[in-house]
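For reference, the structure is listed below as structure tokens.
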Amino acid sequence: MKFGKGCHLHLIDGSAFIFRAYHALPPLTRRSDGLPIGAVAGFCNMLHRYVTDNSGPDAPTHAAVIFDKGSHTFRNDLYDLYKANRDAMPEDLRPQIPLTRTATEAFNIACEELEGFEADDIIATLACQARELGGRVTIISSDKDLMQLVGGGVEMLDAMKNTVIDVEGVEARFGVSPERVVDVQALAGDSVDNVPGAPGIGVKTAALLINEYGDLETLLDRAEEIKQPKRRQTLIEMRAQIELSKKLVQLDCNTPVDFTLDDLEVREYDPDVLLPFLAEMEFRTLSRRIAEHLNVEPPVISDAPIGDDSATPDAPDFDQATHDHISDAAGLQTWIDLIHHRGYVAVDTETTGLDEMTADLVGISLCVEPGHACYIPLRHKASAGSDLFASDELAEGQMPVDEALAMLKPVFEDPAVIKIGQNMKFDAKILARNGINVAPIDDTMLLSYAMHAGLHGHGMDALSERYLGHTPIPIKPLLGSGKSAITFDKVPVADAVRYASEDADITLRLWQAFKPNLHRAQVTTVYETLERPLVPVLAQMEMHGIKVDRDTLSRMSSAFAQKMAALEAEIHELAGETFNVGSPKQLGEILFDKLSLPGGKRGKAGAYTTSVTVLEELATEHDLPGRVLDWRALSKLKSTYTDALQTHINPETGRVHTSYSIAGANTGRLASTDPNLQNIPVRSEEGRRIREAFIAAPGNVLVSLDYSQIELRILAHMADIDELKQAFADGLDIHALTASEMFNVPMDEMTPDIRRQAKAINFGVIYGISGFGLARNLRIPRAEAQGFIDRYFERFPGIRAYMDKTKAFAKEHEFVQTLFGRKIHTPEINAKGPRAAFAYRAAINAPIQGTAADVIRRAMIRMPDAIEGLPAKMLLQVHDELLFEVAEDAVDEVVARARDVMESAPDPAVHLDVKLTVEAGQGPNWAAAH
DNA sequence: GACATCACG
DNA sequence: GACGTACGTGATGTCC
């Protein structure tokens, strides 16, 4: 039906529905897997009631649910504090938002949103259009910001109170007619949306003024006439702020919607769509109610919580498991139906290699219940028989890749289906390169990491062994090793089905074993806010990569090679014979046997130690050790950096794509591998020049933002040290302050050497200080170092108290925690002997290092939204630094937003007594940006 | 594959 | 009370 006179449009404020549903219900979770689902349940109940209430004679002819999209709108461009005082969305609500869209579609109601616009603006646009065409409009919302739209056939309906808000209602609320509501709001401001308005003027006064002068513009033009001096002054002085406020509250009736009112015609819902959705969500009461209403059988919803202890014994042994080989669309469709019915699926991708940026997808395995898995081979090569050369022909029994991916894409992207993987970042990147953005996800590796960090590794083999008592089929016999190793596409399909299916089966069983325990271990929030959301963020960073200039590296390599050759000749001359300078064993024999230099300590393998500290000592005795040190420095730079980095430049992108391991470091830090971009030289002048090879694309610059002294700030907060907190608040040099306190030297008489010693002590504290360690670091007698430590604890007794408290906690619980609740297990803390001393120092360090790691993780997770729409990409993380590639003209904006995200990263979960500060730099390359 | 060494925070 | 020792990582080359 064409929209026009006699038509009636309903516009439902989706966000209002969601928040009302969220707060009205307790935090319900889906029984089978613990997915938070309360808001979706409430939302569906509200939609259902809406549909039943609106089927009578006054039923709407057109209807739509309107949602907000994106956190940044044109109002933020006008005023950066707009809605800035809003609390962040609750963590358990976030994953439910896409499900409310799906729910709306399942009820077959039009569901509209527009990037960069608030729902209110879309509602305004549609209401204006409908009014022009002579139709009636009912806005289902009680939001006062929408009241400006009332009149001329437009009404509002407060669905909760079931009251209609018409022109009289608006006048009662604002004291003016609807078209003047924006004027009143502009003056009165709004604390909820953080609209400033005019200070000291509320709704009552505003209405009075508007009614007297007619409208806001006239009022402001004639402000001089106002009798009350204070009011007059405010209106004159705050004119700009008031006019800005009006722009903020004025809804936009011209949003560029890409649909028409005709598209919103009311449609009956399809029970075959709605009931399966409700079944997936496991809404028992609602699906029964709707089924009864429709006079059909209600869907069957299993009562068994997965991962329940009672469910585990039912799982068949691995050798009894069924492995389906999927070779056609019909077979795959059966599995897709199974997945939709379940609402979750374990996924594993098989590829030609471990480098996600170059590896090709070979096949996909799926599992929906223990013991029942399948493998979809896609790119296996035909066996070439006795021919030595591999065949390019595809093996039999494979469906076309494109067809399989097209069928799987909707499932893998379906917000109502959880995709479970072991190290999902790998699979997500492979799938992303095949056009599939897998979401939402769960990751067994990260579940284990959240629960077991410090207890053991989190690789699949170790987890399967430990928690399932099953040794997975090893990959080695299938691929071979060394020169004769083959890639997975050459593995016979029958073998691949067994191997790959089992991996998905194991993953699903691990998930069922872990998921219910997450809550018991009280690390649900850690997993949901610090682990899982990081996966897509890191995947994006890794896929984007950083541009590295091969020529720069290559020139440096040649220069290093020349210098090394010269040094090598000198070294051989000094030694009186040629030997391998790179061999510590041979070097040791030259130094201590042939030249009989003093020292000559042996390491645990019985060879002489020739480390930097040893060689530096010897450098006073002989010329040779110094030359070796120079040679080693160059050798390190050449082999690890200027040579190796070149091999990591991706030929397709011309960029280097590292891989971050999320569950590698026990403390919560990330680790970077293949290549490690977290240890690119910076401390030596010569090494730092390697960073000149890391460059921005044309028209861009690299921008580096790093936390200043984050670990010491966290220590000051956690140990609650007033002097340190005050020093950070005052922006003092923290090492100089420590030195001043300890050695009674006034700050303005500080010498670099005293400050250096204090700095070493500050770091020592973070590391779980010992007299021996500090002595070695400062190269002072052990007794003197111990004296420093004693004095430090005398001066800062709170630090000693914190360390004692941490140690006692660790001994009692065998774990320590970060401020955000991350647990780091310290099983050896109660061991006998030196291992306990190690565990003790690690226990002191872990909460500090781990809290800093949590902070930057939170910043990284929020960053994509914060810089959305700007020409900027987050490229690298180096523990306390984030590196971005930014279009030249957007640098200031990106720095402002990224800094804000980083500095406020602990909020609202944790309030630090010490503020975090971030330093920024920019330049054409990483050396210049840092 | 163990070990020594050294790059980073 | 003795034990060894600063915390957390990854990559490379040598040598077996």
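Sequence lines set the chain letters: A, B, ... in the order given, protein chains first and strands last, and positions in each chain run from 1.
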Residue pair Glu465(A) / Thr471(A), side-chain donor-acceptor N/O under 3.5 Å
yes
Do Thr738(A) and Asn762(A) get their side chains close enough for a donor-acceptor pair, meaning under 3.5 Å?
yes
Quick test of your reading of the model: are Lys563(A) and Glu686(A) salt-bridged, counting only N-O distances below 4.0 Å?
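A salt bridge links Lys563(A) with Glu686(A).
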Taking only Lys NZ, Arg NE, NH1 and NH2, and the carboxylate oxygens of Asp or Glu, determine whether Arg800(A) and Glu794(A) approach each other closer than 4.0 Å.
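Salt bridge: no.
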Among Leu624(A), Ile571(A), Asn580(A), which residue meets the side chain to side chain contact (heavy atoms under 4.5 Å, CB included) test with Leu587(A)?
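Considering Leu624(A), Ile571(A), Asn580(A), a side chain to side chain contact (heavy atoms under 4.5 Å, CB included) with Leu587(A) is found only for Leu624(A).
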Shoot me the first and last contacting nucleotide of DNA chain B against chain A, ordered 5' to 3', at under 4.0 angstrom to non-hydrogen atoms.
dC3(B) to dG9(B)
What does [X] touch in the nucleic acid at a heavy-atom separation under 4.0 angstrom: a base, only the sugar-phosphate, or nothing?
{"X": "Ile680(A)", "value": "sugar-phosphate"}
{"X": "Ala837(A)", "value": "base"}
{"X": "Gly764(A)", "value": "base"}
{"X": "Thr673(A)", "value": "sugar-phosphate"}
{"X": "Ala760(A)", "value": "base"}

Rounding to a whole Å, what distance do you find between His879(A):NE2 and dG8(C):C1'?
8 Å
Roughly how many Å is it from CD in Gln849(A) to C1' in dG8(C), rounded to a whole number?
4 Å
Option from Glu903(A), Gln709(A), Arg713(A) for which side-chain hydrogen bond (donor to acceptor under 3.5 Å, both in side chains) with Thr917(A) holds
Arg713(A)
Which parts of residues 627-644 of chain A get close to DNA chain C, meaning a heavy atom less than 4.0 angstrom away?
Lys636(A), Ser639(A), Thr640(A), Ala644(A)
Output field dot_bracket for DNA chain C (Watson-Crick or G-U, both distances under 3.5 Å, | for other-strand pairs) contains ......|||||||||.
Are the aromatic ring centres of Phe788(A) and Tyr792(A) under 6.0 angstrom apart?
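Judged by ring-centre distance (under 6.0 Å), Phe788(A) and Tyr792(A) do not meet the cut-off.
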Select one nucleotide: of dC7(C), dC15(C), dA6(C), the one nearest the side-chain heavy atoms of Ile769(A).
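Within the option list, the nearest is dA6(C).
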Can you label the angle between the His458(A) ring and the His452(A) ring as parallel, tilted or perpendicular, going by 30° and 60°?
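Because their plane-to-plane angle is under 30°, the rings of His458(A) and His452(A) count as parallel.
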With a distance cut-off below 6.0 Å to the six-membered ring centre and an angular limit of 45° from the axis, does Arg791(A) pair with Phe793(A) as a cation-pi contact?
no
Determine, for Phe560(A) and Lys638(A), whether the Lys NZ or Arg CZ falls below 6.0 Å from the six-membered ring centre while staying within 45 degrees of the axis.
no
